[in-house]
Amino acid sequence: MVEKLDHPGGTRLLLTPNRSLSWKGNVRIWIGLAVLSAIIGIGWALAGAWVILPFAGLELIAVAAGIYVTSRNCQRKEVLTMEGDNIVLEKGRKQKNAQWSLPRPYTRLQLNEPVHPFAPAKLFLSHRNHRVSLGDFLNVEDTERLVETLESLGFVPERKQPDPEIGLWF
């Protein structure tokens with residue numbers, strides 16, 4: 001998601017992934033799956049197929065790990081602040097993990113067009129030898145909204161077409 005925040009000295013954008021469900025919602029889904037799996041597993045165990053129980057447990061562990069990793073990745077944030085001739089990009093989850101400061105007049109917005117229409121374009125802020133990805137977790141609509149917002153702030157994206165020799169799966 002792209003959110004424009006109030007900032008007295010310029011413009012500040014908050015970029016976050018779409019979160020379709022909260023952590024509590026994810027835990028509720030997992031508990032529902034665990035109850036369903038337990039009912040089915042115990043039923044089969046009572047019928048004599050007790051070997052299904054360890055596999056049901058492994059399945060629940062795998063689903064819990066997948067939910068945890070996905071929820072953790074959905075906590076990422078990027079804050080793009082533009083004040084005068086300075087651009088500051090901060091990345092992190094619960095706290096700032098990385099920060100880049102770039103001079104606005106000499107920073108380019110590079111846009112790598114997607115290989116197919118379902119993939120979002122890849123955005124980069126580029127200055128000299130530094131190239132920083134911007135909003136790599138955004139979907140197609142949010143990426144387009146971010147490009148429109150940056151264009152309205154004076155950035156002219158340098159569009160790079162995909163290499164025709166690269167197939168859809170690369």
Side-chain angles (χ1 to χ4, degrees), residues 1-7 12-81 87-102 109-126 130-150 160 162-163 166-170:
M1 298 182 340
V2 179
E3 186 178 346
K4 201 169 189 178
L5 303 175
D6 290 332
H7 187 66
R12 181 171 281 170
L13 301 175
L14 174 65
L15 311 176
T16 56
N18 289 333
R19 292 184 205 121
S20 58
L21 202 56
S22 68
W23 175 249
K24 286 182 181 181
N26 284 323
V27 170
R28 288 181 183 147
I29 294 288
W30 185 84
I31 289 172
L33 289 172
V35 168
L36 182 63
S37 182
I39 291 170
I40 293 170
I42 290 171
W44 279 104
L46 292 174
W50 60 267
V51 77
I52 199 169
L53 290 177
F55 291 105
L58 288 173
E59 176 186 28
L60 289 173
I61 290 170
V63 169
I67 288 173
Y68 174 76
V69 169
T70 301
S71 292
R72 183 174 175 179
N73 282 336
C74 285
Q75 297 297 319
R76 294 186 296 170
K77 293 179 184 175
E78 293 182 8
V79 178
L80 182 66
T81 306
I87 299 172
V88 178
L89 177 63
E90 303 167 332
K91 293 185 179 189
R93 280 188 314 113
K94 293 183 179 181
Q95 62 185 9
K96 177 174 53 174
N97 293 338
Q99 177 177 330
W100 294 267
S101 183
L102 305 167
L109 176 65
Q110 295 178 335
L111 187 140
N112 293 352
E113 296 286 349
V115 177
H116 58 84
F118 300 119
K122 300 293 181 193
L123 296 174
F124 299 94
L125 290 176
S126 178
H130 294 95
R131 186 174 158 180
V132 183
S133 67
L134 182 63
D136 58 347
F137 46 75
L138 297 175
N139 60 24
V140 174
E141 294 83 18
D142 289 337
T143 302
E144 289 172 359
R145 188 177 312 126
L146 177 60
V147 170
E148 290 171 5
T149 303
L150 292 173
K160 181 181 175 190
D163 189 357
I166 296 178
L168 289 178
W169 304 110
F170 294 100

Do T81 and R12 pair up side chain to side chain, a donor and an acceptor below 3.5 Å, judged on atom types alone?
yes
Candidate pair R76 and N97, rule side chain to side chain contact (heavy atoms under 4.5 Å, CB included), full reasoning:
CA-CA 10 Å; R76 294 186 296 170; N97 293 338; over 6 Å; no
For [X], side-chain hydrogen bond (donor to acceptor under 3.5 Å, both in side chains) partners two or more places apart:
X	result
S133	K91
T70	none
R72	none
K96	Q99

Which heavy atom of [X] sits nearest to which heavy atom of [Y], and what is that distance?
X	Y	value
T143	P120	OG1-CB, 3.6 Å
R131	N112	NH2-ND2, 3.3 Å
G41	I52	O-CG2, 3.8 Å
T16	L138	O-CD2, 3.8 Å
F137	L15	CZ-O, 3.5 Å
A119	P114	O-CB, 3.2 Å

Enter the distance from [X]:[atom1] to [Y]:[atom2] here, rounded to the nearest 0.5 Å.
X	Y	atom1	atom2	answer
L125	Q110	CG	CD	9.0 Å
L5	L80	CG	CG	10.5 Å
N139	N18	CG	CG	5.0 Å
I42	W44	CD1	CH2	14.5 Å
L21	I67	CG	CD1	9.0 Å
K77	Q95	NZ	CD	11.5 Å

Should we say atom [atom1] of [X] is surrounded by more than 12 heavy atoms from elsewhere, each under 6.0 Å from it?
X	atom1	value
W23	CH2	yes
H7	NE2	yes
W100	CH2	yes

Derivation of the side chain to side chain contact (heavy atoms under 4.5 Å, CB included) call for R19 and Q75
CA-CA 9 Å; R19 292 184 205 121; Q75 297 297 319; 4.1 Å; yes
Among residues at least two apart in sequence or on other chains, which ones pass salt bridge (Lys or Arg N to Asp or Glu O under 4.0 Å) with E141?
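E141: no salt bridge (Lys or Arg N to Asp or Glu O under 4.0 Å) contacts found.
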The single option from L89, I87, L123 that satisfies side chain to side chain contact (heavy atoms under 4.5 Å, CB included) with V132 is L89
Donor-acceptor pair, distance only, cut-off 3.5 Å: does the side chain of E78 make one with the backbone of G135?
yes
What pairs of residues pass the side-chain hydrogen bond (donor to acceptor under 3.5 Å, both in side chains) test when at least one of them lies in residues 24-40, not counting sequence neighbours?
N26-S71
